[in-house]
Amino acid sequence: MGDSGKTTERKKRDRSLRFQTNTGLILFFLKGSYLYFLAGAVFACLVALFDLIIPRMIQFTVDAVIGGNTGSVPGWAAGFVNRFGGAGFLSAHLWAAALAIAGAAALGAVCRYCFKVSNAKGAETFVRRMRDQLFRHIMSLPYAWHGENSTGDTIQRCTSDVETIKIFVSEQLTSLLRVFILVFMSLYFMATIQPRLTLAAAVFIPIMIISSLIFYGLIGNEFETVDSEEGRLSAITQENLTGVRVVRTFGREQFERERFEKQNEFYTNHWIRLMRVLAAFWVSGNVIATVRNMTVAVYGAVLCVQDRLTAGGLIAFLSYNALMSLPVRGIGRVIADMSKAGVSLDRLRYIMNVVPEEETGLTKSLPAEITYAPDQVPMDRDIEFSHVSFRYNENSPWVLRDLSMKIRAGTTVGILGATGSGKTTLALLLDRLWELPEGCGRISIGGRDIRTIDRGWLRKNIGMVQQEPYLFSRTLVENIAIAMPEPEWNPGDEITETEEEQLMTEEARMHEIRRAAGIARLDETVERFADGYDTFVGERGVTLSGGQKQRAAIARMLVRRTPVMIFDDSLSAVDAETDAQIRRELRNNISGATVILIAHRITTLQHADEIFVLENGRISEHGTHEQLIARGGHYSRVNALQTGGKVQ
């Protein structure tokens with residue numbers, strides 16, 4: 001019963017996947033490029049048609065025009081030639097026959113050019129959609145997913161695997177129709193010329209296909225290993241490039257270099273093994289093709305000597321045999337590349353099947369007295385945590401245990417607690433970066449469960465500065481302006497005078513940025529930079545100190561003017577004097593906003609309207625600074641340790 005139940009659950013889970021097969025994923029990515037590939041397929045068929053016609057034209061020229069043997073020419077071809085003066089006319093004017101062959105070759109070249117252009121447009125449209133959809137989907141994945149999957153491996157999936165799929169679809173799959181046309185039509189024309197010789201040539205086709213199928217599994221297994229190892233190598237590279245200052249600080253260059261070289265050697269060895277398999281595959285194909293060509297040439301010569309085959313027929317047969325050789329081997333290459341593309345599709349399907357953050361609760365009915373839309377819930381209301389319990393997964397310990405607290409709107413609240421007590425978890429749950437499971441309590445704003453509020457609306461109205469701020473590889477002003485709401489207007493749109501007045505000019509935007517930087521006490525630092533706000537900060541803000549990065553992140557949050565602001569230990573890297581100045585600026589300039597200060601430093605919290613102390617995932621005490629000092633509890637002991645005073 002247990003195994004049967006697990007099987008049933010697995011089947012239900014598989015049916016719930018967005019893309020159950022690789023074919024479904026390819027069809028999804030192909031939207032927008034169908035017509036290009038369809039046009040490419042039509043031109044590929046025309047190319048095959050001209051490739052098949054030219055050997056017949058050469059045969060007619062050799063046998064009928066030069067040799068005078070009109071009996072070897074098919075009736076339909078003889079009738080067509082008779083309309084243009086017959087073989088006699090062409091015999092006296094060989095240039096006409098040569099011109100006809102050259103014209104057919106030229107038309108084939110034009111069709112081949114059109115095929116290349118259509119296929120290239122289809123390939124680039126296809127790969128652009130793949131990248132767009134992957135990026136859009138990854139950006140919508142839950143906060144937890146990004147913590148469980150390495151950045152380097154994700155990047156490798158979105159680059160190398162995407163390129164592998166593109167090559168397969170654009171170079172192999174789109175040519176498959178042309179390959180089958182060439183193979184089957186070549187066999188047909190060869191059979192009309194000499195059936196026995198055709199049979200001798202056809203015997204080798206299943207041998208080549210069976211050989212390709214044998215190598216199919218070997219190549220797939222090796223490529224999957226190589227792809228995984230390349231992802232690990234990319235992850236090591238990405239970690240060391242972003243964490244280069246840590247590596248240099250602790251003198252770990254030698255260790256990291258040896259770690260990289262070990263993984264690189266491991267990856268290289270697997271790639272060499274894959275190359276050996278591929279080499280064996282192509283060499284075996286060359287051997288079979290060579291034996292086949294020799295067999296056809298020798299047997300064809302014998303048939304010519306026996307007058308069972310004309311000279312023109314042999315030339316045409318050898319042309320068809322050569323024309324068919326590459327397509328037959330192409331089938332083997334398609335099979336081999338299909339193995340590699342299948343692995344890459346599986347890796348992309350893993351990403352695309354991860355369930356993105358969904359807006360739950362938007363269809364729930366609202367009380368009759370509430371007139372606002374679901375995505376316009378007032379956020380300047382009381383925030384309440386009611387009996388909240390939370391852990392990050394089933395195997396981890398509980399971070400929060402039956403926690404209840406109420407934050408009054410427009411007040412400044414401080415949260416103090418030891419490392420691991422759940423302070424940051426409270427902020428992540430409030431912003432729905434982690435979802436509070438059903439049955440684990442309730443978080444509400446203005447009495448409304450935040451699980452029924454649109455995530456986008458919630459996050460637009462909750463500003464958060466995290467303990468480790470991330471700055472992009474851009475200028476300082478661009479990093480701060482990222483959070484600024486953009487006006488919903490494009491140049492050329494017709495707008496009213498009122499709307500025009502509301503549009504934020506560049507000067508107004510800079511004024512807002514300077515205002516936020518002033519509150520964050522970043523303006524004085526910027527003045528010392530040679531390029532001011534146009535200073536390039538480097539990836540992750542590498543050119544700034546820890547305190548400067550934190551103040552830049554604070555300014556970035558302040559330009560949004562959100563009704564709820566969370567400072568998650570975001571003043572830990574600034575000195576005590578700057579800390580006090582920033583808090584004073586916040587009190588004087590941020591009126592009406594609900595401010596949540598999470599910190600280890602008592603001086604950061606002491607002026608808050610109410611302070612909550614977290615111990616082991618629970619609220620152990622709360623009150624003002626003076627009340628908590630008077631009680632002589634955990635807060636008082638921490639204050640004594642930090643100030644050198646005595647516990648009262």
Side-chain angles (χ1 to χ4, degrees), residues 382-392 396-408 410-430 434 440-441 443 464-469 521 546-547 550-551 554 564-587 594-648:
D382 291 349
I383 300 172
E384 185 171 2
F385 291 77
S386 179
H387 302 287
V388 173
S389 297
F390 180 78
R391 58 181 176 179
Y392 286 96
S396 64
W398 290 95
V399 180
L400 301 177
R401 299 178 177 85
D402 195 30
L403 180 144
S404 296
M405 61 184 290
K406 186 173 183 178
I407 301 173
R408 289 176 288 113
T411 62
T412 298
V413 170
I415 299 177
L416 177 75
T419 301
S421 60
K423 305 185 300 300
T424 298
T425 302
L426 286 175
L428 298 178
L429 290 174
L430 180 59
W434 281 87
C440 291
I443 304 174
M464 184 188 301
V465 185
Q466 296 180 326
Q467 184 176 0
E468 297 180 3
R521 307 308 296 169
Q550 285 189 335
R551 282 178 281 167
I554 292 172
V564 179
M565 299 182 181
I566 303 174
F567 297 84
D568 184 7
D569 207 12
S570 54
L571 298 173
S572 58
V574 301
D575 58 86
E577 182 180 354
T578 305
D579 182 353
Q581 291 174 349
I582 294 174
R583 286 186 285 105
R584 183 172 62 252
E585 291 292 334
L586 288 173
R587 287 195 303 271
T594 303
V595 179
I596 301 175
L597 296 172
I598 299 174
H600 293 281
R601 189 186 292 169
I602 294 292
T603 55
T604 303
L605 307 175
Q606 62 184 355
H607 296 295
D609 298 309
E610 188 171 15
I611 302 170
F612 293 89
V613 180
L614 270 177
E615 289 187 90
N616 298 320
R618 294 185 175 91
I619 302 295
S620 61
E621 53 184 333
H622 66 92
T624 64
H625 174 75
E626 291 75 15
Q627 291 171 341
L628 293 174
I629 292 295
R631 289 173 188 168
H634 178 75
Y635 184 89
S636 180
R637 291 193 296 272
V638 172
N639 179 70
L641 288 172
Q642 293 184 7
T643 61
K646 295 181 179 179
V647 179
Q648 298 181 7

Looking only at heavy atoms, what is the nearest atom pair of [X] and [Y], with distance?
X      : Y      : answer
Arg637 : Gly632 : NH1-O, 4.0 Å
Ile598 : Ala427 : CD1-CB, 4.2 Å
Asp402 : Ser389 : N-OG, 2.8 Å
Gln627 : Gly623 : OE1-CA, 3.4 Å
Met405 : Ile619 : SD-CD1, 4.2 Å
Ser404 : His387 : OG-N, 2.8 Å

Inset, instruction - Count the heavy atoms belonging to other residues, nucleotides or ligands that lie under 6.0 Å from CZ of Arg587, then report whether that count exceeds 12. - result: yes
Legend entry - Step-by-step side chain to side chain contact (heavy atoms under 4.5 Å, CB included) determination, Thr603 to Arg583: CA-CA 10 Å; Thr603 55; Arg583 286 186 285 105; 4.3 Å; yes
Inset, instruction - Let me know which of Val595, Ile415, Ile596, Thr604 forms a side-chain contact (heavy atoms from CB on, under 4.5 Å) with Phe567. - result: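 When side-chain contact (heavy atoms from CB on, under 4.5 Å) is applied between Phe567 and each of Val595, Ile415, Ile596, Thr604, only Val595 qualifies.
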Legend entry - Option among Ile602, Leu605, Thr643 that satisfies the side-chain contact (heavy atoms from CB on, under 4.5 Å) test with Val638: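 Testing Val638 for a side-chain contact (heavy atoms from CB on, under 4.5 Å) against Ile602, Leu605, Thr643 leaves exactly one candidate, Ile602.
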Quick one: does [X]'s side chain get under 4.5 Å of [Y]'s, heavy atoms only?
X      : Y      : answer
Tyr392 : Thr425 : yes
Lys423 : His600 : yes
Leu400 : Leu429 : yes
Thr578 : Ile582 : yes

Can you tell me how far [atom2] of [Y] sits from [atom1] of [X], rounded to the nearest 0.5 angstrom?
X      : Y      : atom1 : atom2 : answer
Leu430 : Phe385 : CG    : CZ    : 5.0 Å
Leu597 : Leu416 : CG    : CG    : 11.5 Å
Thr424 : Glu468 : OG1   : CD    : 9.5 Å

Legend entry - Any donor-acceptor N/O pair, Gln581 side chain to Arg521 backbone, under 3.5 Å: no
Inset, instruction - Could you tell me whether a side-chain N or O of Ser386 sits under 3.5 Å from a main-chain N or O of Gly441, the two making a donor and an acceptor? - result: no
Legend entry - Qualifying residues under salt bridge (Lys or Arg N to Asp or Glu O under 4.0 Å), relative to Asp569, sequence neighbours excluded: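 Testing Asp569 for salt bridge (Lys or Arg N to Asp or Glu O under 4.0 Å), a comparison that skips the adjacent residues, returns none.
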Legend entry - Residues in side chain to side chain donor-acceptor pair (under 3.5 Å) contact with Arg401, at least two apart in sequence or another chain: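 If we apply the side chain to side chain donor-acceptor pair (under 3.5 Å) test to Arg401, skipping adjacent residues, there are no hits.
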Scan the side chains in residues 606-618 for donor-acceptor partners under 3.5 Å anywhere in the protein, sequence neighbours excluded, and list what turns up.
residue	atom	partner	partner atom	Å
Asp609	OD2	Thr412	N	2.8
Glu610	OE2	His622	ND1	2.9
Glu615	OE2	Ser620	OG	2.8

